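First the structure, in the form of C-alpha cells, and then the observations on it.
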Amino acid sequence: MNKLISVIVPLYNEEEVLPESYRRLTNVLSGMEENYELIFVNDGSRDKTFAMASDIQKKDPHVVLVDFSRNFGQQMAVSAGLDQARGDAVVIIDADLQDPPELIPQMVEMWKGGVEVVYGKRKSRQGESVFKKFTSFAYYRVLDALSGWKIPKDTGDFRLMDKRVVDVMRSMPEHNRYLRGMVAWAGFRQEPLAFDREERFAGVTKYSLKKMLKLASDGIISFSGKPFGIMRWLGGLMLAAGLIDLIALLIAWGVTKVNTGWPFGIAAVLCVGGINLLALGVCGVYFERMYDELKGRPLYIVRQVLRTEQPKELDR
Ligand code: UDP
Ligand code: MG
C-alpha cells in the first residue's frame, strides 16, 4: 500500500501567496510516489484567502480545508491540521514559501530511512530584518540555556513527523502550545535537515511583534522551571551574604564596643530580602508541580511494545 503524506499549511491573510504556494506544493507532491493530502487551515483570514482556498478545495480532491471562526494563531492552526491529518507522515510548512516545498521529498526519504522527526534547520535567512535575525538568534540561545529539554536551535515549525509523533501531539492538551518544544519533548529519532530560508514570496509577515513575544514566552514558560531555580539561588546567596555580614558586624561590635549602626541595617535588608526571595523560589517548586499536572501531558511515550505470543503450554 502506498503511504499517505499529509501537508499542513496555516493561512492567515495569505491571498498574495496562496496560488503560488499551492502551485509549488502540488508540483512537488504530485511528483512523489506517495499519495498526499494538502490541509489548508484558514486561521480567520480577513482577505480573500478563504474564498481562494475553497475554490482550490472544490477542484482538487487532494485538498482539505479547515476554516476557523476567527484568528487563533499559527500554533492553533497547525494543531487543527494535525487533528485532521490522516497521513503516515505529516509535514508542516508555512504558506509564504520561506520554507521551500522542494525539500519535502528529501524529508520523506529520511523518514523512510527510519527518522521519525525531520526538522528544517535554518542555515541562513533571506530578507529578514537585522532586528528579527538578532532577536531570534538570541532567543534560541536563552531558550536553550533555560529549558530542560534540548529544543533544537534555529528551527521553526517546518518539519516532517511520523504518525506516532503526531499522535503524541494530539495527546498533549496544553493550551499555550509551542509545537517545536512539544516535539522535542516527545523524543523519538529526530534529525535536522539544513536549508536556506528564503524570502517571503509576497506580502508581509503575519506575525506581529505581540504574537512573536507570546510565542517566545510560551517557549520558555512551558518548558522551563529555571526562573524559580534562579530565585532560589539568588535568595540563598543574599541570605548567606547577609548572615556573614551580620556575624562579622557582631564580632566587630564585641571587639571595638562601638555599634556601627547603619551597616547592621544593610545586613538586615540582605537577610530579609534573601529570605523572601528564597521563600518565593520554594513556592515555585509547588507551582512547577501544579503546572506540570495542569499541562496534562502523557506520563510516558511508548514507541512500540515487542512481545512474543506465549506458547499455549506456558499459559497457566
Ligand atoms: N499564520 C497563521 N496565523 C497567524 C499568523 C500566521 O496561520 O496568526 C501563518 C501564516 O499564514 C504563515 C505562517 O503562519 O503560513 C508563518 O507566518 P509568517 O510567515 O507571517 O511568519 P514569519 O515567517 O514572518 O515568522
Ligand atoms: Mg514567513
Side-chain angles (χ1 to χ4, degrees), residues 6-26 38-54 56 63-85 90-104 119-140 143 153-159 175-181 183 195-219:
S6 306
V7 177
I8 299 172
V9 189
L11 298 169
Y12 181 50
N13 297 339
E14 298 288 12
E15 61 182 10
E16 285 163 295
V17 303
L18 182 55
E20 179 63 9
S21 195
Y22 169 64
R23 191 189 66 77
R24 267 178 63 187
L25 279 163
T26 303
L38 194 53
I39 304 177
F40 287 130
V41 185
N42 175 39
D43 183 13
S45 299
R46 274 167 300 207
D47 62 358
K48 296 197 205 72
T49 300
F50 174 74
M52 291 165 97
S54 66
I56 295 174
V63 175
V64 177
L65 175 58
V66 181
D67 185 31
F68 275 2
S69 62
R70 65 167 168 87
N71 180 246
F72 282 88
Q74 183 231 13
Q75 297 290 302
M76 293 304 162
V78 171
S79 299
L82 291 174
D83 287 340
Q84 296 298 326
V90 175
V91 174
I92 302 169
I93 190 166
D94 285 355
D96 59 359
L97 297 168
Q98 284 196 285
D99 311 324
E102 290 71 24
L103 284 182
I104 296 175
Y119 54 90
K121 191 169 167 66
R122 301 156 182 175
K123 272 193 290 188
S124 67
R125 315 172 135 226
Q126 309 281 308
E128 283 181 310
S129 65
V130 176
F131 175 75
K132 173 104 183 215
K133 281 185 193 163
F134 174 74
T135 47
S136 101
F137 178 86
Y139 172 70
Y140 285 115
L143 179 64
K153 296 189 201 70
D154 307 321
T155 59
D157 286 320
F158 180 38
R159 59 188 59 223
H175 282 209
N176 296 289
R177 298 176 84 74
Y178 186 66
L179 283 163
R180 55 199 90 156
V183 175
F195 74 103
D196 294 302
R197 192 151 214 243
E198 307 280 327
E199 218 167 308
R200 193 174 231 287
F201 174 73
V204 292
T205 177
K206 303 299 169 332
Y207 253 98
S208 57
L209 189 62
K210 196 172 146 211
K211 278 184 186 164
M212 209 67 234
L213 287 174
K214 163 86 170 87
L215 184 69
S217 71
D218 280 349

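Just so it is clear, the structure is predicted and the values come from calculations on it, not from any experiment. Just follow the structure's listing: the first ligand is 1, and inside any ligand the first atom is 1. Only this structure's heavy atoms are used, side chains among them; waters, hydrogens and symmetry mates stay out.
Contact of the L25 side chain with the I104 side chain is registered, since non-hydrogen atoms from C-beta on lie closer than 4.5 Å. Within the 4.5 Å cutoff, no side-chain heavy atoms of F195 are placed close to those of K121. In this structure, the side chains of I56 and L38 stay at 4.5 Å or more apart for every pair of heavy atoms. No side-chain heavy atom of L97 sits less than 4.5 Å from a side-chain heavy atom of V17. Between N42 and E14 there is no side-chain heavy-atom pair separated by less than 4.5 Å.
For the Mg ion (ligand 2), the count of nearby protein N/O/S atoms, taking only those under 2.8 Å, is 2.
With a 4.0 Å heavy-atom cut-off, ligand 1 is reached by no atom of Q75. Under 4.0 angstrom from ligand 1, there are no non-hydrogen atoms of R125.
For ligand 1, the atoms sitting less than 4.0 Å from at least one non-hydrogen atom of K132 are 22 (P), 24 (O), 25 (O), numbered in the order shown with element in parentheses.
The side-chain hydrogen bond (donor to acceptor under 3.5 Å, both in side chains) with D43 is formed by just one residue from the set N71, N13, T49; it is N71.
F72 carries R70 over the face of its six-membered ring, with the cationic atom under 6.0 Å from the centre and within 45° of the normal.
Distances from ligand 1 to the non-hydrogen atoms of M212 include no value under 4.0 Å.
With M76, K206, R200 as candidates, the residue nearest to atom 5 (C) of ligand 1 on a non-hydrogen basis is K206.
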